[in-house]
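For reference, the structure discussed in these notes is given below.
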Amino acid sequence: MESVSFPPLSRVAVCGGTHGNEMTGVYMVRHLQKEKIDKIGSVSVSTVLSNPRAVEICRRYVETDLNRCFTEALLNSPVTDSSPYELRRAQELNAQIGPKGSKEAMDLIIDIHNTTSNMGLCFIFYSIDWFTLHILKYLQSKMASVEVRAIQLDIPIAEAYSLESVGKHGFAIEAGPQPNGVVRADIHNMVKEAVDHIFSWLQEFNSGSTFEGGEVEAYTLVKSIDYPRNPVTGEITAAIHSQLQDNDFKLLQRGNPIFMSFSGETVKYDDEDLYPFFVNECAYYEKKIAFHLARKIKLTLPPIKVTG
């Protein structure tokens, strides 16, 4: 494949607290701010505590999920004093590190999240972006003791709803398992190592290094599965089965147990073989999602280098 060139990436935003009870990003941003780290080599660094009100009360959000407020339609919608706080905050962030789709937007946005699911370290991104995928490939080569995975959501950028979509390039880092409202040293250190490697990669890229092509795997979302529910009350009637719990990204096959009803009956999977992720994620109970299912794909990367 022919090489692809990109301009230098000189402006990066590191964001945390988009969900106010996901503490790895909160403490990482606070540390960077305390140390007054605003430049790393050739890259200027902006640190953003995305949802300060939610962080203050240690809740996922105040009125509505901030990480669903960054579609172009919502960012351009009129707001009033009665608009949800998170919608107003999304428009503030768009003005600060965007605007989305503009030349003024940050070159790269890294938004740090936690999950209660056993997901390890995951990139979540939208369109196929060679730049993002090369960073992923680099991390996989540098963090041999950690399973670094990627989830691709096939959503046009205009309809992409999360914070990282505001940048020219961007991805969310999803790290877990970590309970809401606490910080685990192993998870924090894993994410810190990843962020340090990302900035090392940026220095190499900006200095003129060519990164050779290759292949990476990614998981593409196919569908979401809800818990079994009482058809009258809507209450869940089963929990994630112990054989599925903590087994994110392990192939789910027809006949495998997925739920255990509260009366002791096993519910088995009865569909095509796919890969579960966000298994039993705490925040997804309100979204009526027990887990997502994905298909594994391989992406072939071209070599990339800096323009000029």
Side-chain angles (χ1 to χ4, degrees), residues 18-23 51 53-55 57-71 73-74 77 82-87 89-90 113-119 122 124 151 153-155 159-163 172 174 176-182 219-295:
T18 301
H19 293 134
N21 56 5
E22 297 177 3
M23 305 311 291
N51 195 335
R53 289 190 189 176
V55 170
I57 59 176
C58 198
R59 279 173 44 188
R60 183 174 175 85
Y61 55 79
V62 178
E63 295 182 79
T64 193
D65 191 340
L66 176 62
N67 215 38
R68 299 296 183 272
C69 290
F70 293 94
T71 64
L74 287 173
S77 66
S82 62
S83 298
Y85 162 69
E86 276 82 8
L87 179 57
R89 180 61 179 155
H113 289 258
N114 291 120
T115 174
T116 59
S117 304
N118 188 29
M119 302 250 297
C122 293
I124 300 180
I151 298 165
L153 305 176
D154 190 14
I155 301 172
E159 299 171 23
Y161 45 73
S162 50
L163 174 57
E174 193 74 57
Q178 179 167 285
N180 292 335
V182 305
Y219 295 84
T220 60
L221 178 65
V222 175
K223 60 182 177 179
S224 303
I225 303 296
D226 190 12
Y227 296 89
R229 293 182 182 272
N230 182 303
V232 177
T233 66
E235 293 181 351
I236 65 173
T237 58
I240 295 291
H241 195 280
S242 59
Q243 291 185 36
L244 176 58
Q245 181 65 49
D246 298 328
N247 283 316
D248 299 70
F249 299 109
K250 293 184 180 178
L251 185 65
L252 184 61
Q253 298 175 299
R254 193 183 300 271
N256 290 162
I258 52 175
F259 297 109
M260 176 65 75
S261 77
F262 299 133
S263 58
E265 298 166 340
T266 297
V267 178
K268 295 183 178 180
Y269 182 64
D270 187 26
D271 208 336
E272 65 173 310
D273 295 356
L274 294 169
Y275 294 86
F277 65 99
F278 278 127
V279 174
N280 207 14
E281 161 59 42
C282 172
Y284 284 3
Y285 276 70
E286 70 177 23
K287 300 180 188 296
K288 296 186 176 181
I289 296 172
F291 54 92
H292 291 311
L293 287 170
R295 189 170 287 115

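Numbering of residues begins at 1 and proceeds along the displayed sequence.
The backbone N or O of Val279 lies less than 3.5 Å from a partner atom in the side chain of Asp248, making a donor-acceptor pair. The backbone N or O of Tyr61 sits nowhere less than 3.5 Å from a side-chain atom of Asp65 that would complete a donor-acceptor pair. When atom types are taken as modelled, the side chain of Gln178 and the backbone of Thr116 share no donor-acceptor pair closer than 3.5 angstrom. A donor-acceptor pair is defined here as one N or O able to donate and one able to accept, closer than 3.5 Å; no such pair exists between the side chain of Thr237 and the backbone of Ser261. Between the side chain of Asn114 and the main chain of Met23, a donor-acceptor pair closer than 3.5 Å is present. At least one donor-acceptor pair under 3.5 Å links the side chain of Asn67 to the backbone N or O of Leu163. Between the side chain of Thr64 and the backbone N or O of Pro84, no donor-acceptor pair lies under 3.5 Å.
Looking at residues two or more places apart in sequence or on another chain, you find no salt bridge (charged side-chain N to carboxylate O under 4.0 Å, His left out) involving Lys250. A search for ring pair (Phe, Tyr, Trp, His ring centres under 6.0 Å) contacts involving Tyr284 returns Phe278, His292, not counting sequence neighbours. Under the side-chain contact (heavy atoms from CB on, under 4.5 Å) criterion, Asp246 pairs with Asn118, not counting sequence neighbours.
Heavy atoms of other residues, nucleotides or ligands lying less than 6.0 angstrom from CG of Asp154 number 12 at most. Heavy-atom neighbours of Lys287 NZ from other residues, nucleotides or ligands within 6.0 Å: above the threshold of 12.
Tyr227 and Phe259 have tilted rings, their planes meeting at an angle from 30° to 60° on a 0 to 90° scale.
When side chains are defined from C-beta on, Asn256 does not count as touching Gln243, because their heavy atoms never get closer than 4.5 Å. Put simply, the side chain of Asn180 does not reach to within 4.5 Å of the side chain of Arg60, judged on heavy atoms. Side-chain contact check for Ile225 versus Phe291: some heavy-atom pair is nearer than 4.5 Å. For the pair Asn51/Tyr85, a side-chain contact is recorded, criterion being any heavy-atom separation below 4.5 Å from C-beta on. Within the 4.5 Å cutoff, the side chain of Thr115 has no heavy atoms near those of the Phe277 side chain.
Taking all atoms of both residues into account, the shortest heavy-atom contact from Tyr219 to Ala294 is CB-CB, 3.8 Å. Closest heavy-atom contact between Glu174 and Ile124: OE1-CD1, 3.9 Å. Between Val62 and Arg53, the shortest heavy-atom distance links the atoms CG2-CB, 3.8 Å. Shown here for Pro257 and Leu244, the closest heavy-atom pair between the two residues is O-CB, 4.0 Å. In terms of heavy-atom proximity, Leu274 sits nearest to Lys223 at CD1-CE, 4.4 Å.
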Step by step, would you call Tyr161 with Leu74 a side chain to side chain contact (heavy atoms under 4.5 Å, CB included)?
CA-CA 9 Å; Tyr161 45 73; Leu74 287 173; over 6 Å; no
Tell me, with the steps shown, if His113 and Thr18 meet side chain to side chain contact (heavy atoms under 4.5 Å, CB included).
CA-CA 8 Å; His113 289 258; Thr18 301; 3.9 Å; yes
Dump the intermediate steps for side chain to side chain contact (heavy atoms under 4.5 Å, CB included) on Leu221 and Ile151, then the final yes or no.
CA-CA 7 Å; Leu221 178 65; Ile151 298 165; 5.6 Å; no
Can Asp273 and Gln253 be said to form a side chain to side chain contact (heavy atoms under 4.5 Å, CB included), step by step?
CA-CA 5 Å; Asp273 295 356; Gln253 298 175 299; 3.7 Å; yes
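Atom CG of Asp226 and atom CD1 of Ile289 lie 8.0 Å apart (nearest 0.5 Å). In this structure, SG in Cys58 is found 13.0 Å from NE2 in His19, a value given to the nearest 0.5 Å. Summarising the geometry, atom SG belonging to Cys69 is positioned 12.0 Å from atom CZ belonging to Arg89; distances are rounded to the nearest 0.5 Å. Rounding to the nearest 0.5 Å places CE of Met260 at 3.5 Å from OG1 of Thr266.
Using a cut-off of 4.0 Å between Lys/Arg side-chain N and Asp/Glu carboxylate O, Arg68 and Glu86 are scored as not salt-bridged.
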